[in-house]
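Just so it is clear: chains get the letters A, B, ... in the order the sequence lines come, proteins before strands, and each one is counted from 1.
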4 protein chains.
Amino acid sequence: MQTTEQLLEDVGFDALTIEDVAQVAGVGKATIYRRWPTKGLLVFEAFGKEFLLQQPPPDTGTLRGDLLAALRGWIRTVNGTVAGRTLAGLIAEVQRDPALGDAWRDRFVRPVRDQHRMLVARGIGRGELSPRADPEVLLDLVFGPAYHRLLQSHLPLDDYFAQAVIDVIISGAGS
Amino acid sequence: MQTTEQLLEDVGFDALTIEDVAQVAGVGKATIYRRWPTKGLLVFEAFGKEFLLQQPPPDTGTLRGDLLAALRGWIRTVNGTVAGRTLAGLIAEVQRDPALGDAWRDRFVRPVRDQHRMLVARGIGRGELSPRADPEVLLDLVFGPAYHRLLQSHLPLDDYFAQAVIDVIISGAGS
Amino acid sequence: MQTTEQLLEDVGFDALTIEDVAQVAGVGKATIYRRWPTKGLLVFEAFGKEFLLQQPPPDTGTLRGDLLAALRGWIRTVNGTVAGRTLAGLIAEVQRDPALGDAWRDRFVRPVRDQHRMLVARGIGRGELSPRADPEVLLDLVFGPAYHRLLQSHLPLDDYFAQAVIDVIISGAGS
Amino acid sequence: MQTTEQLLEDVGFDALTIEDVAQVAGVGKATIYRRWPTKGLLVFEAFGKEFLLQQPPPDTGTLRGDLLAALRGWIRTVNGTVAGRTLAGLIAEVQRDPALGDAWRDRFVRPVRDQHRMLVARGIGRGELSPRADPEVLLDLVFGPAYHRLLQSHLPLDDYFAQAVIDVIISGAGS
DNA sequence: CCCTAAACGAGACGGTACGTCTAGTCTTATG
DNA sequence: CATAAGACTAGACGTACCGTCTCGTTTAGGG
């Protein structure tokens with residue numbers, strides 16, 4: 001497990017092989033396969049806990065503040081650590097391993113969204129949101145652009161971006 | 001090339017191997033490697049042209065109409081054909097192959113964004129957008145959520161989603 | 001191993017590929033490469049044991065009889081089985097693979113010559129040979145012509161040849 | 001042709017490819033294939049003439065002298081030049097390419113043996129040979145051991161060897 | 001305290017695809 | 001019009017990992 005994290009830092013998601021993990025950990029391959037059926041799930045477990053710990057639910061008193069804090073936290077983790085490349089690698093892996101996809105949605109996407117949905121609910125309670133707004137769409141609007149930039153690398157994930165995204169979501173871009 | 005498209009339909013991005021392409025095409029492997037150094041670039045080329053053809057630049061007269069049409073077009077292609085899975089597979093591949101990443105940004109992301117940026121520019125010209133709005137962020141807000149749903153499969157890519165996204169972007173979700 | 005022998009009979013040394021051996025044996029290629037680094041060494045091992053078993057050291061009581069028996073035995077094996085072509089193929093391979101050459105000399109040429117040298121030593125002990133005769137040269141004179149005919153195929157390897165060779169070696173061709 | 005000889009010296013028979021010959025000669029591959037169907041025949045032609053020129057028929061006045069001179073000439077050429085490895089390479093190639101085998105026997109083995117057979121015939125005429133001696137077997141006895149040492153590399157091809165071989169052939173090894 | 005059974009390290013195994021290489025044929029464009 | 005240049009089909013090469021499977025060998029808990 002620590003071996004996995006170590007190797008994620010040293011060689012990255014792609015170059016990591018279960019064979020390496022076993023050897024570096026001084027462990028038989030079968031021992032790993034007994035616990036994690038695929039490389040994706042192995043890395044997911046090592047990555048997931050770590051990542052979620054770094055995303056504490058914000059509570060700033062305003063919806064704008066909460067969403068901005070959440071997005072900034074995500075960006076900080078993704079930019080500052082190896083987590084960004086690992087996250088990208090895992091999402092890539094999800095495209096080819098349906099079992100990992102299920103785990104990913106159940107144990108990563110859902111909990112994170114549940115957490116964030118509460119921010120939105122709080123905003124609705126405070127009357128900061130139009131009652132028409134769909135919370136699910138809102139969450140996609142907050143994080144979709146960020147994942148987009150992570151995976152396409154066409155533009156930087158910086159604080160200006162975070163603010164601009166949240167501003168448009170709250171206030172709209174129309175004149 | 002047609003062989004690649006055929007195999008993408010038949011077996012999908014992941015199960016497609018250069019070895020198969022060569023055999024089905026009745027071609028030596030070296031011939032393929034001579035032209036496309038990796039599977040990613042081979043598929044990208046087969047996919048790119050096709051995909052771009054199916055995304056004609058809309059011109060509805062309003063920014064909202066244009067953005068909605070563009071997003072709907074993307075969703076239609078992604079949902080209705082094998083292009084969705086291929087697109088996901090390519091984005092996954094981009095995370096692993098830096099050379100493909102460069103090609104991807106240069107020959108796919110950039111042209112598509114250039115096209116869409118014109119819609120936004122037209123909207124600005126018509127005074128439909130706050131002069132404060134950053135076109136790049138706007139583009140990420142329109143398509144980021146869609147890519148997000150494509151890659152995470154947490155929620156469907158339907159017409160309701162398209163409208164809701166565009167509505168928030170134009171008018172904001174704040175009360 | 002039996003697969004190798006089988007394929008040597010079926011298709012011959014040249015047409016034999018490690019890929020075929022693996023497939024026919026129902027074995028991964030790596031398994032073969034793990035044990036035998038080259039096709040030459042694989043075939044050598046399959047061939048060597050078999051061949052040596054068919055060359056029991058003769059003991060007829062006279063040097064002439066022993067040498068003739070040894071040469072006849074060699075000719076019989078080489079003419080009667082696939083071993084002749086395999087032997088030729090291996091000697092050909094030895095010309096291009098130095099590692100095989102080393103193994104060939106150590107594990108084939110040397111043991112065979114050791115055995116035959118004992119026949120000569122016995123002859124010397126019985127006073128059948130001029131003390132001037134060099135055993136090494138004698139061995140080359142007995143088998144060199146036979147290998148020559150095997151590899152050049154200019155004339156048949158028959159019993160008349162065997163007798164004529166041994167006769168000249170013992171008695172000389174001078175008048 | 002000179003290119004072939006050059007490359008034989010520079011890289012040896014095995015490493016020589018028709019592709020290289022073509023490129024070094026500044027010639028299309030097809031041009032070479034038009035004249036020589038295989039690498040074996042190409043090299044054979046380049047090698048054959050050269051080699052035969054270096055083997056002038058000796059005439060020393062005695063059979064022993066002639067045979068010794070012929071064998072020494074062969075050894076000198078084989079030891080002193082790249083011809084030795086080329087000769088070994090060609091004999092190896094002959095084991096795989098039947099067409100080359102035919103050419104080899106017709107245009108190399110036969111002429112050389114014809115020449116040497118005349119030495120023997122001269123010896124018979126001079127009464128130096130037992131009338132019982134078979135000239136063909138004699139030739140194999142003279143050169144077979146030499147080819148044997150060339151191809152097996154188990155012992156050196158030196159002048160002592162040449163003399164010992166001829167001595168036994170003329171006088172026999174029996175006491 | 002032993003003894004047995006589960007888990008373990010080590011790594012061989014069958015299998016797949018990789019990317020490279022060479023052979024010999026076929027195409028093209030030039031001089 | 002022949003030719004150099006080199007692209008092409010074909011297929012074996014040797015490598016890397018995969019996921020499965022024996023092997024002994026620890027290592028614990030129950031007799």
Side-chain angles (χ1 to χ4, degrees), chain A residues 3 11 14-42 93 96-97 99, chain B residues 3 7 11 14-42 96-97 99, chain C residues 3 7 11 14-42 96-97 99, chain D residues 3 11 14-42 93 96-97 99:
Chain A
T3 304
V11 305
D14 273 23
L16 178 147
T17 66
I18 291 195
E19 210 141 357
D20 282 351
V21 174
Q23 179 165 356
V24 171
V27 142
K29 285 204 289 178
T31 303
I32 294 180
Y33 279 109
R34 208 172 293 128
R35 243 195 281 255
W36 299 280
T38 63
K39 160 178 156 180
L41 284 160
L42 166 63
E93 199 73 7
R96 44 194 125 75
D97 179 350
Chain B
T3 304
L7 282 175
V11 306
D14 273 22
L16 178 146
T17 67
I18 290 194
E19 210 140 358
D20 282 352
V21 174
Q23 179 164 358
V24 171
V27 142
K29 285 204 287 176
T31 302
I32 295 181
Y33 280 109
R34 203 174 298 127
R35 246 197 280 253
W36 299 281
T38 63
K39 162 177 155 180
L41 283 160
L42 166 63
R96 266 174 255 128
D97 179 351
Chain C
T3 304
L7 282 176
V11 307
D14 274 22
L16 178 147
T17 67
I18 291 194
E19 209 140 359
D20 281 352
V21 173
Q23 179 164 358
V24 171
V27 143
K29 284 204 287 177
T31 303
I32 295 181
Y33 280 109
R34 207 172 293 127
R35 244 197 281 253
W36 298 281
T38 63
K39 162 177 153 180
L41 283 160
L42 166 63
R96 55 194 114 74
D97 179 350
Chain D
T3 304
V11 305
D14 273 23
L16 178 148
T17 66
I18 290 196
E19 208 140 358
D20 283 351
V21 174
Q23 180 165 356
V24 171
V27 142
K29 285 205 287 178
T31 305
I32 294 180
Y33 277 109
R34 206 172 297 127
R35 240 192 287 255
W36 298 280
T38 63
K39 159 177 156 180
L41 283 160
L42 166 63
E93 199 72 8
R96 286 180 233 118
D97 178 350

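- Looking only at side-chain heavy atoms (C-beta outward), D:L16 and D:K39 come within less than 4.5 Å of each other.
- When the C1' atom of F:dA16 is taken as reference, atom CD of A:Q23 falls 14 Å away, rounded to whole Å.
- Residue A:K29 places no side-chain atom within donor-acceptor reach of the base of E:dG11, judged by atom type and a 3.5 Å distance cut-off alone.
- Nearest-nucleotide positions on DNA chain F for C:L16 and A:D20 put C:L16 closer to the 5' end.
- C:T38 approaches C:I18 most closely through the heavy-atom pair C-CD1, 4.2 Å.
- In this structure, the NZ atom of D:K39 is 10 Å from the P atom of E:dG24, given to the nearest Å.
- Between the C1' atom of F:dC8 and the CH2 atom of B:W36 lies a distance of 13 Å, rounded to the nearest Å.
- Distance from the side chain of C:T17 is smallest for F:dC13 among the nucleotides F:dC13, F:dC18, E:dC18.
- Comparing F:dG14, E:dT20, E:dG14 by their closest approach to the side chain of C:V27 singles out E:dG14.
- Residue C:L42 contributes atom CG, which lies 15 Å from atom C1' of F:dA12 at whole-angstrom precision.
- Note that OG1 of C:T3 and CG of C:D20 are 11.0 Å apart. Values are rounded to the nearest 0.5 Å.
- Projected onto DNA chain E by closest heavy-atom contact, C:T31 and A:A30 fall at different nucleotides, the more 5' of which corresponds to A:A30.
- F:dT15 atom P lies 7 Å from atom OH of C:Y33, rounded to whole Å.
- If you measure from atom CZ of D:R35 to atom C1' of F:dA2, you get 12 Å, rounded to the nearest angstrom.
- Residues D:T38 and B:P37 both approach DNA chain E. Their nearest nucleotides, taken by heavy-atom distance, put B:P37 toward the 5′ side.
- Separating the CG atom of C:D14 from the P atom of F:dC13 is a distance of 12 Å, rounded to the nearest angstrom.
- Per the geometry, CD belonging to C:E19 stands 12 Å off C1' belonging to E:dC18, to the nearest Å.
- The shortest side-chain heavy-atom distance between B:K29 and B:I32 does not fall under the 4.5 Å cut-off.
- Of the side-chain N and O atoms in D:R34, none sit less than 4.0 angstrom from OP1 or OP2 of E:dC26.
- For the atom pair D:R35 CZ and D:L42 CG, the distance stands at 10.5 Å (nearest 0.5 Å).
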